[in-house]
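If you're wondering where the values come from, they're calculated on a predicted model, not measured in any experiment.
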2 protein chains.
Amino acid sequence: MFYDHLSVEDTKRWGYENALDIIALGFDPDLTNIFLDTEYIKTMYPTAIRAAKKINFSTIRAVFGFDNSNNIGSIFFTSIQTVPCFLESIQRKSNVPCLIPCGIDQDPHFRVTRDIAEGLGFMKPALVHAKLMPSLAGSEKMSTSTKGEDTVFMTDDEKTAKRKIMNAFTGGRVSVEEQRKEGGNPEVCAVYQYSLYYFEPDDEKLAELHADCRSGSILCGECKARLFEKVWKFLENHQEAREKAKDRIEEFFIRD
Amino acid sequence: MFYDHLSVEDTKRWGYENALDIIALGFDPDLTNIFLDTEYIKTMYPTAIRAAKKINFSTIRAVFGFDNSNNIGSIFFTSIQTVPCFLESIQRKSNVPCLIPCGIDQDPHFRVTRDIAEGLGFMKPALVHAKLMPSLAGSEKMSTSTKGEDTVFMTDDEKTAKRKIMNAFTGGRVSVEEQRKEGGNPEVCAVYQYSLYYFEPDDEKLAELHADCRSGSILCGECKARLFEKVWKFLENHQEAREKAKDRIEEFFIRD
């Protein structure tokens, strides 16, 4: 990512924090390389330049909705973002197919990459998109204006995680009476979204939750408490693994 | 420089060739660091990004006359070009004044650098401009369309250098008779420009040459022969020093 509002030092710190989460999730160090653009740029830069020569400002403007006021770092950044698609091919000196899993917000960079890949002698990368994590405030995407209260962080303690979930926006009615009668609306409910995306892998149980909400047989407080239990179970294990990851970080990082 | 038409490998090769000339001219290795952007990018990149965030496309468009068809590498490149102005300050962790000697064509990058330097916490760089080497074909700048016949290269052999100088565009008249009567025009003469810029350090002798041309007492053939003598004397010594520089290149180069 190109972070306009963060210093190089801050992006580096965030990069390491994110790496701890990835390692804690159980990635195999023999199959995983993690790098920061700033630390791997000597390897990346020659290919980034080759890519940059194939991309003009018209394309960037159209793809990202940029105008003349955008800074030249953000304009150039797509060239850097293309490189991981080609690194394996370059290092093995043969054409290796590449699958990029990414947040859907990063898709435009790879659309551009697909357009230029063959001109550079590589295969087009394939993509799997992850939806952005829904906001506990009920909007589609987390917002910085809520100061982190609309999302549970991997590092939140039990009390904080509980507070955030208990304060989440739901599809509940204004009163218990109304909800028992009319039922809730899981489609707009942040708590239901968390279950749907992360915390209820069993489709049948999810359908049951959906029906119980619709029928008014489960109220928001109970639903939040159930979710919190699952979230905290995950976080407790994750945070333990994350602590251990701190000693293993060098098994994963590659640098120039 | 950002070379749209050259591969990374070619720019690297040219960089080394230019370094040999710099070393051959007698630079002191204890006071001289030479680097290629591609080999020193890990050091440069964090500062380039900081600079990039302060420069928008409007500025680049106005300064370089770019439009939407320019590639994003050439748009970004000014950020890279700013970095040498700040490197010494960064490495010494204190503000060090910087003087950039450069061809006048590189000036726009440093104009932009001067605009953003203080916002990044550095002093504005000072500049000394070198004029571009005049063309032996009589135009102001060398052209690629003449395939190198309009300039003497540092690596040209005696025969080649002689041919190029003897074929140079001069300010001579159409016939000897006319030239003896009317005199030549040193202002438009490539041979005179070479003397003026490079091969006649003595102002009195230069004034004499100017007068002799104007009065018709010296003809172009003689003037070219005199120039060639000086050029070849320089080249012969330079090429010897250039050969020796090949063994000393590592005394000068810095890499990440």
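The number of heavy-atom neighbours closer than 6.0 Å to CZ of R163(B), taken from other residues, nucleotides and ligands shown, is above 12. Within 6.0 Å of the NZ atom in K42(B), the count of heavy atoms belonging to other residues, nucleotides or ligands exceeds 12.
The aromatic rings of H238(B) and F234(B) sit parallel to each other, their planes meeting at less than 30°, with 60° as the upper class boundary. In this structure, F77(A) and H109(A) have perpendicular ring planes: the angle between them is above 60°, well past the 30° mark.
Looking only at distances, a side-chain donor or acceptor of S74(B) sits under 3.5 Å from a matching main-chain atom of N71(B). Side-chain N or O atoms of T82(B) include none that pairs as donor or acceptor with a backbone N or O of T113(B) at under 3.5 Å. In this structure a side-chain-to-backbone donor-acceptor pair under 3.5 Å is missing from N70(A) to F66(A).
The minimum heavy-atom distance linking K124(B) with R114(B) is given by the pair NZ-O, 3.3 Å.
A salt bridge does not link R13(A) to E9(A): none of the charged nitrogens lies less than 4.0 Å from a carboxylate oxygen.
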Result block: side-chain N/O donor-acceptor pairs under 3.5 angstrom for residues 152-159 of chain A, not counting sequence neighbours:
unit_1	atom_1	unit_2	atom_2	d
D156(A)	OD1	K164(A)	NZ	3.4
D156(A)	OD2	F153(A)	N	2.8
D156(A)	OD2	K164(A)	NZ	2.6
D157(A)	OD1	K159(A)	N	3.4
D157(A)	OD1	T160(A)	N	2.8
D157(A)	OD1	T160(A)	OG1	2.5

Mind listing the side-chain donor-acceptor pairs of residues 115-122 of chain A below 3.5 Å, one per line with the distance, residues two or more places apart or on another chain?
none

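Ranked by heavy-atom pairs under 4.5 Å with chain A, the list T38(B), N68(B), T78(B) is led by N68(B).
Interface residues of residues 241-256 of chain A toward chain B, defined by a heavy-atom distance below 4.5 Å and sorted by number: R255(A), D256(A). Proximity to chain B at a heavy-atom threshold of 4.5 Å picks out nothing from residues 23-33 of chain A.
If you measure heavy-atom distances from I55(A) to chain B, the contacts under 4.5 Å come from both the backbone and the side chain. With a 4.5 angstrom heavy-atom cutoff, I75(B) touches chain A via backbone and side-chain atoms both. Neither the backbone nor the side chain of L36(B) comes within less than 4.5 Å of any heavy atom of chain A.
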